[in-house]
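Heavy atoms only: backbone and side chains are in, while hydrogens, waters and symmetry mates are out.
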Amino acid sequence: MVGKVIKDKMNKTVVVECVNARRDPLYGKYVRSRTRYKAHDETNQYKVGDEVEIQEHRPISRDKRFIVVRLVKKFVEE
């Protein structure tokens with residue numbers, strides 16, 4: 001899954017928000033839903049705003065079941 005890093009305050013952990021858009025069956029409008037996952041970041045290299053790819057993994061802690069696989073796009077502040 002691809003999502004955006006929204007928090008990086010924890011040690012070796014980032015919170016990634018994945019936005020999903022699906023079509024409503026009755027009205028036909030697109031409804032966005034967001035899901036937040038805690039993902040393991042071994043080197044603390046990902047910062048807020050970065051777009052990353054996460055992958056399911058065995059449980060690392062009580063909430064962490066994902067690891068960050070790669071950086072898709074670096075956040076550039078203008």
Side-chain angles (χ1 to χ4, degrees):
M1 292 185 286
V2 176
K4 189 173 281 189
V5 176
I6 54 170
K7 292 182 185 178
D8 65 347
K9 299 279 187 198
M10 294 170 278
N11 188 27
K12 296 187 178 181
T13 304
V14 291
V15 178
V16 180
E17 183 176 74
C18 299
V19 178
N20 210 4
R22 62 175 183 80
R23 198 162 182 266
D24 186 85
L26 179 61
Y27 297 108
K29 295 176 84 173
Y30 284 94
V31 181
R32 290 190 318 186
S33 63
R34 69 177 188 194
T35 316
R36 293 179 175 185
Y37 300 104
K38 287 184 184 168
H40 187 66
D41 171 20
E42 184 64 41
T43 56
N44 289 325
Q45 64 181 357
Y46 303 109
K47 302 298 175 200
V48 174
D50 291 347
E51 199 165 321
V52 295
E53 182 180 341
I54 59 174
Q55 182 180 14
E56 202 169 3
H57 193 264
R58 64 174 174 76
I60 299 167
S61 70
R62 187 178 69 153
D63 296 330
K64 274 200 291 189
R65 272 104 177 103
F66 291 88
I67 56 170
V68 179
V69 179
R70 67 183 179 94
L71 179 69
V72 176
K73 191 167 71 173
K74 188 83 175 153
F75 178 68
V76 179
E77 194 171 345
E78 295 178 7

Please name the pair of heavy atoms, one in [X] and one in [Y], separated by the smallest distance, quoted to 0.1 Å.
X	Y	answer
Ala39	Val68	CB-CG2, 3.8 Å
Val52	Val72	C-CG2, 4.0 Å
Ile54	Phe66	CD1-CD2, 4.0 Å
Cys18	Gly3	SG-CA, 4.1 Å

Atom pair [atom1]/[atom2] of [X] and [Y] - distance to nearest 0.5 Å:
X	Y	atom1	atom2	value
Arg70	Glu51	CZ	CD	9.5 Å
Arg32	Arg22	CZ	CZ	13.5 Å
Asn20	Arg34	CG	CZ	13.5 Å
Arg62	Lys38	CZ	NZ	7.0 Å

Met10 side chain reached by Val15 side chain, heavy atoms, under 4.5 Å: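 The answer is yes; the side chains approach within 4.5 Å.
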
Within-4.5 Å side-chain heavy-atom neighbours: Asp8 and Tyr46: no

Arg36 bridged to Glu17 by N-O distance under 4.0 Å: yes

Pairing of Asp50 and Lys74 as salt bridge, 4.0 angstrom limit: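 Judged by the 4.0 Å cut-off on N to carboxylate O distance, Asp50 and Lys74 do form a salt bridge.
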
Neighbour count above 12 (heavy atom, 6.0 Å) for Lys7 NZ: no

Lys4 atom NZ, over 12 foreign heavy atoms within 6.0 Å: no

In one Ile/Leu/Val/Met/Phe/Trp/Tyr side-chain cluster, 4.5 Å: Met1, Ile67: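 In one cluster: no.
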
Joint hydrophobic cluster, Val14 plus Leu71, side-chain heavy atoms closer than 4.5 Å: yes

Polar contact flag, side-chain donor to acceptor under 3.5 angstrom, His40-Glu42: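 Side chains of His40 and Glu42: pair found under 3.5 Å.
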
Lys12 backbone acceptor or donor facing Asn44 side chain under 3.5 Å: yes

